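Heads up: the structure comes next, in structure tokens.
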Amino acid sequence: MSPSLSPTDTTQLDARYPVLADLSAPARTRLLHSAQWMRVPAGAMLFDDRQACEGFPFVVEGSVRVSKCAPSGRELPLYRVGPGETCIISSSCLLGHEDYNARGVTESDTLLMLLPKAVFDEMMGERPFRDFVFHLFAERIADLMQLIEEVAFRKLDQRLAALLLGKGRVLHVTHQQLADELGSVREIVSRLLKGFAEQGFVRLAREQVEIVDAAGLRQLAALGSIRS
């Protein structure tokens with residue numbers, strides 16, 4: 001972690017977060033001088049359940065996966081934070097003075113700028129920054145409502161079919177990775193994939209799923225029916 005920033009960092013930050021150019025000059029100076037820069041490797045845990053929130057992250061490079069974790073160890077991915085986006089879990093914790101209730105893990109090498117809590121509180125007094133936070137907050141809430149609908153009302157086989165589509169003809173992925181993505185367990189996903197293979201939708205190999213019948217998968221994802 002380093003509190004300093006280079007001209008390249010500033011250029012990247014402004015490109016990812018144009019709202020910073022709309023801040024008043026004193027506010028922008030305060031933000032840049034107080035920010036802490038972090039370059040984090042893939043697979044690092046940035047925060048975890050019941051951990052205090054130390055600041056507001058700006059993702060400049062890379063990606064952070066935010067998940068809800070059960071005591072059993074199962075995870076339900078909530079959303080990803082990429083460059084130019086914000087983490088609503090961090091925002092809500094800072095605004096509500098609460099600890100984290102989810103886990104954030106980097107998916108790739110990640111460069112981020114962390115705004116300390118006290119400075120975040122100051123920046124919320126700046127209308128452009130406040131509007132930015134609440135606009136992305138609303139977008140994330142809409143995404144989470146869609147996720148709730150998927151989990152509550154859409155069968156797992158439909159969700160798995162939808163997950164396989166749009167990633168190319170051959171997916172180099174393990175059954176465990178697919179299970180993690182769906183918030184399920186490997187055994188169930190493996191059983192569903194075997195069923196897909198028997199129906200001729202996919203061909204399975206070690207750490208690989210080949211899409212054979214994309215139209216059939218699309219039908220399953222949309223209608224929840226598998227042809228006989």
Side-chain angles (χ1 to χ4, degrees), residues 1-2 5-6 8-20 31 35-49 51 53-70 73-94 100-116 120 129 132-148 150-151 159-160 162-168 170-184 189 207-209:
M1 179 185 302
S2 172
L5 68 163
S6 70
T8 301
D9 292 333
T10 306
T11 300
Q12 283 188 292
L13 182 67
D14 287 340
R16 303 299 194 189
Y17 296 92
V19 64
L20 300 183
L31 182 148
Q36 297 175 317
W37 285 80
M38 306 169 63
R39 192 171 286 279
V40 187
M45 187 180 299
L46 293 180
F47 56 84
D48 201 1
D49 202 19
Q51 192 176 73
C53 183
E54 301 295 337
F56 183 78
F58 293 81
V59 177
V60 179
E61 298 174 0
S63 176
V64 179
R65 173 176 168 172
V66 180
S67 306
K68 183 65 179 177
C69 305
R74 289 177 57 184
E75 294 189 9
L76 176 63
L78 300 177
Y79 56 86
R80 288 174 171 79
V81 185
E85 298 176 335
T86 62
C87 175
I88 65 167
I89 297 293
S90 297
S91 328
S92 63
C93 290
L94 290 169
Y100 278 111
N101 54 7
R103 174 178 297 168
V105 177
T106 54
E107 293 189 301
S108 59
D109 292 347
T110 300
L111 174 65
L112 59 85
M113 184 189 79
L114 187 70
L115 194 62
F120 172 82
F129 186 85
F132 165 74
V133 170
F134 285 128
H135 173 70
L136 290 183
F137 205 104
E139 287 186 346
R140 287 293 190 200
I141 290 295
D143 292 341
L144 289 176
M145 291 302 293
Q146 183 178 354
L147 175 63
I148 291 170
E150 288 264 328
V151 173
R159 295 172 56 213
L160 176 57
L163 179 62
L164 295 176
L165 292 166
K167 299 181 182 294
V170 179
L171 290 73
H172 297 283
V173 64
T174 67
H175 294 189
Q176 184 62 60
Q177 288 170 327
L178 291 172
D180 290 344
E181 192 77 11
L182 293 167
S184 182
V189 169
E207 297 188 4
Q208 179 177 297
V209 179

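Small disclaimer: the values here were computed from a predicted structure and weren't measured.
- The two residues G55 and S90 have their closest heavy-atom pair at O-CB, 4.3 Å.
- Applying side-chain contact (heavy atoms from CB on, under 4.5 Å) to L112 and the options T106, V81, V60, L46 leaves one that passes, L46.
- To the nearest 0.5 Å, atoms CG (L163) and CG (L182) are separated by 5.0 Å.
- Atom OG1 of T86 sits about 11.0 Å away from atom CZ of F134, to the nearest 0.5 Å.
- Going from atom CE of M113 over to atom CD of Q36 covers 10.5 Å, rounded to the nearest 0.5 Å.
- Using bins of under 30°, 30° to 60° and over 60° for the plane-to-plane angle, the ring pair F58/Y17 lands in the perpendicular bin.
- Q208 is listed as a side-chain neighbour of V170, based on a closest heavy-atom distance under 4.5 Å.
- For the atom pair OH of Y100 and CG of L94, the computed distance is 6.5 Å after rounding to the nearest 0.5 Å.
- Atom CD of E54 is separated from atom CG of L115 by 13.0 Å, given to the nearest 0.5 angstrom.
- No donor-acceptor pair under 3.5 Å is formed between the side chain of S184 and the backbone N or O of D180.
- Looking at heavy atoms from C-beta onward, L164 lies in side-chain contact with L171 at the 4.5 angstrom threshold.
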(request) Any chance you could lay out the side chain to side chain contact (heavy atoms under 4.5 Å, CB included) test for D143 and Y79, step after step, and finish with the verdict? (result) CA-CA 8 Å; D143 292 341; Y79 56 86; 5.8 Å; no
(message) For a salt bridge (Lys or Arg N to Asp or Glu O under 4.0 Å) check, start with the C-alpha distance between E61 and R16, then their side-chain angles and the critical distance, and finish with the verdict.
(response) CA-CA 9 Å; E61 298 174 0; R16 303 299 194 189; over 6 Å; no
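- Considering every non-hydrogen atom in both G62 and S108, the closest pair reads CA-OG, 3.5 Å.
- Looking only at side-chain heavy atoms (C-beta outward), F47 and V66 come within less than 4.5 Å of each other.
- Annotation: side chain of F137 is in contact with side chain of S92 (closest heavy-atom distance under 4.5 Å).
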(message) Pair N101, D49 - check side chain to side chain contact (heavy atoms under 4.5 Å, CB included), show working.
(response) CA-CA 5 Å; N101 54 7; D49 202 19; 3.9 Å; yes
(message) I88 vs I141, test: side chain to side chain contact (heavy atoms under 4.5 Å, CB included). Steps then yes/no.
(response) CA-CA 8 Å; I88 65 167; I141 290 295; 4.2 Å; yes
(request) Evaluate the criterion side chain to side chain contact (heavy atoms under 4.5 Å, CB included) for residue pair V173 and E181; output intermediate values, then yes/no. (result) CA-CA 11 Å; V173 64; E181 192 77 11; over 6 Å; no
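- I89 places none of its side-chain heavy atoms less than 4.5 Å from the side chain of R140.
- Side-chain contact between L78 and S67 is absent, with no heavy atoms from C-beta onward closer than 4.5 Å.
- Residues P57 and C87 come closest through the heavy atom pair CG-CB, 4.3 Å.
- When atom types are taken as modelled, the side chain of R103 and the backbone of C69 share no donor-acceptor pair closer than 3.5 angstrom.
- Ring geometry for F129 against F132 counts as tilted: the plane angle lies between 30° and 60°, on a 0 to 90° scale.
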